[in-house]
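Right, one structure below, let's go through it.
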Amino acid sequence: MAIALAALLGGALLLGIALSGGFTPGARTAAAAAPPQAPQVVVVTPAPSPAATAQVTKDTEKPKSNDGALSPRQQQVQQRRFTTNDQTHVPADWVSGFYPIYAQAQRTYGVNWLLIASVHKQETAFSTHPTTYHGLNFANCCAGPMQFNVTNGVRGGIGSTWARYRNASAAAKRPASYPHRTSRHPSVYDDYDAIMAGAALLRDNGAGANLDASAWRAAYDYYGHDATGVDYADEVVARAIGWGQKDFCINCGTDASMMSAVDAAWGAPVRTELDAAAAAAEKAARRHHDAQAVAASTK
């Protein structure tokens, strides 16, 4: 009788926990898994300075963009996609499956894993976007967890961005398990292959352990050199800095004040350069048009 009563009470306790939301599938995995350790670096709120401006505005012609030129309408679609990815709720036990990949990418390529994870969230909400594992994005250029461009070509005939970085995963041992492992490697749809390639691209764009102007520039180069790229880099780096200063918060929105600080320090100078270049191009086009009109009138 005592045994039966104990079993009854135990069952009631478990039922109460389940009904209260205290026990859910995957909860044990989420509790056991912990994010990788970030490098021991100082992460501070940025402030505008001439040195930072000079650092992020140099060498804008390096052919390392991971995105093609988008129309104004496509840029608007991108902005909405980034907002959606930032606001999408992602289960902690799903994201914990990426921790071994982030750690391996950080060790192999020396890029702060918080920056890598922030790009991952920006691009596909930690591989939860509906098109992550098949097809191309809305612009028919990019694919996979880190949205690598598989269609663009660069100077010298090197090929697409993915073609240049697809073998980055071979530099380290593949984890035994992770969320989406394809049957063939390398694959732009394989989480390990894609994240390692993303880390290698960020490294080549200047990213390292610090979440600073170099990290901002790397994120800007990762996306592409336009106004949307500035906003992209602002959000990616602001999110990573916020994680570094507090905790890795999977479903927290990017802090608006931090984004403003990042933009003032690193985004605004580049946006000013872009606006100046656009104005100069428009002025040159008008001069060319006027010259053609004068030449036509004299015939």
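Everything quoted here is computed from the prediction, not taken from an experiment. We count residues from 1, following the sequence as given. Only this structure's heavy atoms are used, side chains among them; waters, hydrogens and symmetry mates stay out.
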Rounded to the nearest 0.5 Å, what separation is found between the [atom1] atom of [X] and the [atom2] atom of [Y]?
X: Leu211; Y: Asn112; atom1: CG; atom2: CG; result: 4.5 Å
X: Phe148; Y: Leu201; atom1: CZ; atom2: CG; result: 5.0 Å
X: Tyr192; Y: Ile101; atom1: OH; atom2: CD1; result: 8.0 Å
X: Met258; Y: Lys246; atom1: CE; atom2: NZ; result: 7.0 Å
X: Cys141; Y: Leu136; atom1: SG; atom2: CG; result: 7.5 Å
X: Phe248; Y: Ser118; atom1: CZ; atom2: OG; result: 9.0 Å

Do [X] and [Y] come within less than 4.5 Å of each other through their side chains, counting heavy atoms only?
X: Ile195; Y: Met146; value: yes
X: Gln122; Y: Arg239; value: yes
X: Asp191; Y: Tyr133; value: yes

Smallest separation among heavy atoms of [X] and [Y], with atom names:
X: Ala215; Y: Leu115; result: CB-CD2, 4.0 Å
X: Gly97; Y: Pro179; result: O-CD, 3.4 Å
X: Leu274; Y: Ala227; result: CD1-N, 3.8 Å
X: Ser214; Y: Gly206; result: CB-O, 3.5 Å
X: Ala168; Y: Ala197; result: CB-CA, 3.7 Å
X: Met259; Y: Ala238; result: CG-CB, 3.5 Å

Problem set entry | Partners meeting salt bridge (charged side-chain N to carboxylate O under 4.0 Å, His left out) with Arg166 (sequence neighbours left out) |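 Partners of Arg166 under the salt bridge (charged side-chain N to carboxylate O under 4.0 Å, His left out) test: none.
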Exercise. Residues in salt bridge (charged side-chain N to carboxylate O under 4.0 Å, His left out) with Asp190, at least two apart?
Worked result: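 With sequence neighbours excluded, Asp190 shows a salt bridge (charged side-chain N to carboxylate O under 4.0 Å, His left out) to Arg174, given in chain and number order.
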For this session: Give a yes or no on whether Met196 and Tyr189 share a hydrophobic cluster (residues Ile, Leu, Val, Met, Phe, Trp, Tyr; joining criterion: side-chain heavy atoms under 4.5 Å apart).
Result: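 Yes, because Met196 and Tyr189 connect within a single hydrophobic cluster, where side-chain heavy atoms sit under 4.5 Å apart.
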Could you tell me whether the side chains of [X] and [Y] share a donor-acceptor contact shorter than 3.5 Å?
X: Tyr232; Y: Glu123; value: yes
X: Thr151; Y: Asn149; value: yes
X: Asp193; Y: His185; value: yes
X: Asn152; Y: Thr161; value: yes
X: Asp204; Y: Tyr165; value: yes
X: Ser127; Y: His180; value: no

Problem set entry | Inter- and intrachain pairs under salt bridge (charged side-chain N to carboxylate O under 4.0 Å, His left out), touching residues 256-271, at least two apart |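 Every pair satisfying salt bridge (charged side-chain N to carboxylate O under 4.0 Å, His left out) with a residue in residues 256-271: Asp231-Arg271, Asp234-Arg271, Asp263-Arg271.
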Is it the case that the side chain of [X] and the backbone of [Y] share a donor-acceptor pair, with hydrogens and angles ignored and the cut-off at 3.5 Å?
X: Ser187; Y: Arg184; result: no
X: Thr108; Y: Ala105; result: no
X: Trp216; Y: Val237; result: no

Problem set entry | Partners passing side-chain hydrogen bond (donor to acceptor under 3.5 Å, both in side chains) against Ser260 (at least two apart in sequence or in another chain) |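 With neighbours one apart ignored, the set is empty.
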Problem set entry | Partners passing side-chain hydrogen bond (donor to acceptor under 3.5 Å, both in side chains) against His134 (at least two apart in sequence or in another chain) |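 Once residues adjacent in sequence are excluded, His134 has no partner under the side-chain hydrogen bond (donor to acceptor under 3.5 Å, both in side chains) criterion.
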For this session: May I ask you to check whether Trp113 and Phe98 place their ring centers less than 6.0 Å from one another?
Result: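 Between Phe98 and Trp113, which both carry aromatic rings, the centre distance is not below 6.0 Å.
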Problem set entry | Residues in side chain to side chain contact (heavy atoms under 4.5 Å, CB included) contact with Ala277, at least two apart in sequence or another chain |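 Result, side chain to side chain contact (heavy atoms under 4.5 Å, CB included) vs Ala277: none returned.
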